[in-house]
Amino acid sequence: MDVTIDKIGEYEGQSVRIKGWLYNKRSSGKIFFLQIRDGSGIIQAVGVKSQLSPECFEKMQKVVQESSVIVSGRVKKDERSPGGYELSVENFDIIHLSEPYPISPKEHGVDFLMEHRHLWLRSSRQHAIMKIRNTVIRACEDFLRQEGFLRMDTPILTPAACEGTTTLFETDYFDKKAYLSQSGQLYNEANCMAFGKVYSFGPTFRAEKSKTRRHLMEFWMLEPEIAFATIDDLMELEENMIVYMVSRLLELNKADLKSIGRDISKLEAIKAPFPRLCYNDAIKLLRSKGNELPWGEDFGADEESILSLNFDKPVFVHRYPAKCKAFYMKPDSEDPNLSLSVDMLAPEGYGEITGGGQRIEDYEELLKRIEEHKLPKDAYEWYLDLRRYGSVPHSGFGIGIERTITWVCGIEHLRETIPYPRMLTRLYP
RNA sequence: UCCAGCGUAGCUCAAUGGCAGAGCAUCCGGCUGUUAACCGGACGGUUAUAAGUUCGAGUCUUAUCGCUGGAGCCA
């Protein structure tokens, strides 16, 4: 019977067959210990010379790391085995004898591993991170569905539009130019006027020459947008989504988190409510920590780090100065120099993972902003339409999936959180 | 783009300006409970590239390329 390793405990005492790859091999003369992985887990298969045909035993001597194999054997509980269970080999076949495998169980450098990303993904640490990525995405989508949101995907090829073109990747679109999307936000606004609560989820592209542990040229963003929602509604939604997502992780991926060395207690502390700090108070906090950022400046890596290290939960920073946020952010009625924008900073120094706010719903006000920012009005006619036909207050945010995964995994660099990271100097593999 | 560091065997790293070395991987041999197994042996080098200083350069100088870390950029 063919089984997968994650379900092996259900077959104790039975003979089963596993199709997979050789993860590692140890031998002791007339006994072989084969670590077999099949994508669902790793199990130790034990082959004893006296219990096997000579052909079978010969294959075990010959097999090398990452060869594809089919192993048949009896499932046994054994504490000496790394997974708690092991397979007493009855038959062993090599599907493909691997060439010498470049990634050994020993340590490797970052550059070498990135160059072999397609093979690196076979390692157990990468398995854990990819499974966590899966839960993060699925939990956020599940949460939004439960809240009545409709997923509506937005285009990746777009006309110039959003902001300036300096940070956009340009491509030919027959006899025109097209740009890779850097946000689904404007389309989400149209969609939420059609369906009330919507979100988009997909890759976004930024042609910024950023070379840090927190930037990718291509990253995945989940962007909810809600009609009739205020900035306060938005913060509550974000908070609930993060709490739900973390609870799902603790339920489904505790072993994965532990295997990459994550301090679980840090995640267990993620409970609502999250602190809410207005920009002015954030500046005061920074001053008290010796940071002298002038009022009106957006936070850099330093400031975000100081703020997020100050709390053991994510923290909202809201009402940033209008001039450091996008043109469509609604000004605060109590102080028009401030915008109804809000970022969520992840704790432990990880910094910004979401950004969003309440949008301008008034036609004249939006038009004024478009002109102030010297944006081409023609390109925004459809966007202005949303303020001509039944405009309502509305809010939305975007959450950067890779940054979020970096935080929940507690890892150094976001390059491990996506299967094939696109970075400033790396487009291969 | 700027600042700093690094570039030596397939990988991870040593080598005072004076013979180019180890561990792992691979191959051969040994071992019936290994846990990154272990033990013995073999294979493995245009020291990133180019020029310079020197009796002599992996080591010092200059340039170029590449990588890493950070800054900046960044709804």
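Quick note on labels: first sequence line is chain A, next is B, and so on, each numbered from 1.
Rounded to the nearest Å, the gap between the P atom of B/C3 and that of B/U12 is 28 Å. The separation of B/G29 from B/A20, taken at their C1' atoms, amounts to 28 Å, rounded to a whole angstrom. Look at the P atom in both B/C19 and B/U59: the space between them is 14 Å, to the nearest Å. To the nearest whole angstrom, the two C1' atoms, one in B/A57 and one in B/A51, are 14 Å apart. Comparing the P positions of B/G23 and B/C39 gives an interatomic distance of 10 Å, to the nearest angstrom. If you take atom P in B/U47 and the same atom in B/U1, they sit 30 Å apart, rounded to whole Å. When the C1' atom is used for both B/C65 and B/A48, the distance is 8 Å, rounded to whole Å. Comparing B/C43 with B/A9, their C1' atoms sit 11 Å apart, to the nearest whole Å.
Judged by distance alone with a 3.5 Å cut-off, a donor-acceptor contact links the side chain of A/S210 to the base of B/C73. Residue-to-nucleotide contacts include a donor-acceptor pair under 3.5 Å from the side chain of A/H215 to the base of B/C74. You won't find any donor-acceptor pair under 3.5 Å spanning the side chain of A/E99 and the base of B/G10, going by distance alone. In terms of polar N and O atoms assigned as donor or acceptor, the side chain of A/K211 comes within less than 3.5 Å of the base of B/G69 in a complementary pairing.
Taking only side-chain nitrogens and oxygens, A/R214 never comes nearer than 4.0 Å to OP1 or OP2 of B/C73. Phosphate contact (OP1/OP2 of B/A75, side-chain N/O of A/R369, threshold under 4.0 Å): absent. Contact between the side-chain N/O atoms of A/S104 and the OP1/OP2 oxygens of B/G10 is not found at any separation under 4.0 Å.
Distance NZ (A/K25) to P (B/C38): 15 Å, rounded to an integer number of Å. Whole-Å rounding puts the A/L424 CG to B/G66 C1' distance at 13 Å. One can place CD of A/E304 at 14 Å from C1' of B/G72, the figure rounded to the nearest angstrom. Summarising the geometry, the separation between CG on A/L168 and P on B/A75 is reported as 11 Å, rounded to the nearest angstrom. The interatomic distance linking A/I411 (CD1) with B/G69 (P) rounds to 13 Å, in whole Å. To the nearest angstrom, C1' of B/A9 lies 13 Å from CZ of A/F112. In this structure, CG of A/L119 is placed 13 Å from C1' of B/C11, rounded to the nearest angstrom. A straight line from NZ of A/K49 to C1' of B/G33 spans 17 Å, rounded to a whole angstrom.
In this structure, the nucleotide among B/G33, B/C11, B/A36 sitting nearest to the side chain of A/Q44 is B/G33. Side-chain atoms of A/R206 lie closest to B/C74 of the nucleotides B/U32, B/C74, B/C27.
Under the Watson-Crick and G-U wobble criteria, each requiring two contacts below 3.5 Å, nucleotide B/G10 is paired to B/C24. Nucleotide B/C74 is matched to nothing when pairs are restricted to Watson-Crick or G-U wobble geometry with both distances under 3.5 angstrom. Of all nucleotides present, none satisfies the Watson-Crick or G-U wobble test against B/U16 with each distance under 3.5 Å. B/A50: Watson-Crick or G-U partner is B/U62, with both key distances under 3.5 Å. Within the shown strands, B/C67 is the pairing partner of B/G5 under the Watson-Crick or G-U definition, both distances less than 3.5 Å.
In summary, A/D38 and A/K19 do not engage in a salt bridge, as defined by a charged side-chain N under 4.0 Å from a carboxylate O.
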Could you go step by step and tell me if A/W120 and A/F112 meet the ring pair (Phe, Tyr, Trp, His ring centres under 6.0 Å) rule? CA-CA 10 Å; A/W120 190 19; A/F112 178 81; 9.8 Å; no
Candidate pair A/Y173 and A/Y179, rule ring pair (Phe, Tyr, Trp, His ring centres under 6.0 Å), full reasoning: CA-CA 9 Å; A/Y173 196 78; A/Y179 302 87; over 10 Å; no
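Taking the nucleotide of RNA chain B with the nearest heavy atom to each of A/F299 and A/I31, the more 5' of the two is matched to A/I31. Looking at which nucleotide of RNA chain B each of A/G109 and A/G29 is closest to, the 5′-most match is held by A/G109.
Enclosure of atom CD in A/Q14 by more than 12 non-hydrogen atoms of other residues, nucleotides or ligands within 6.0 angstrom is indicated. Open room surrounds CD on A/E412; 12 or fewer heavy atoms of other groups in view lie less than 6.0 Å from it.
The cationic atom of A/K325 (NZ for Lys, CZ for Arg) lies less than 6.0 Å from the six-membered ring centre of A/Y320 and within 45° of the ring axis.
If you check every strand for non-hydrogen atoms under 4.0 Å, A/R359 touches nothing. A/H413 comes within 4.0 angstrom of sugar-phosphate atoms only, judged by non-hydrogen atoms across all strands, and of no base.
Using cut-offs of 30° and 60° for the angle between ring planes, the A/Y328 and A/Y383 rings count as perpendicular.
One distance of note links CZ of A/R415 with CD of A/E402; it measures 14.0 Å at 0.5 Å rounding.
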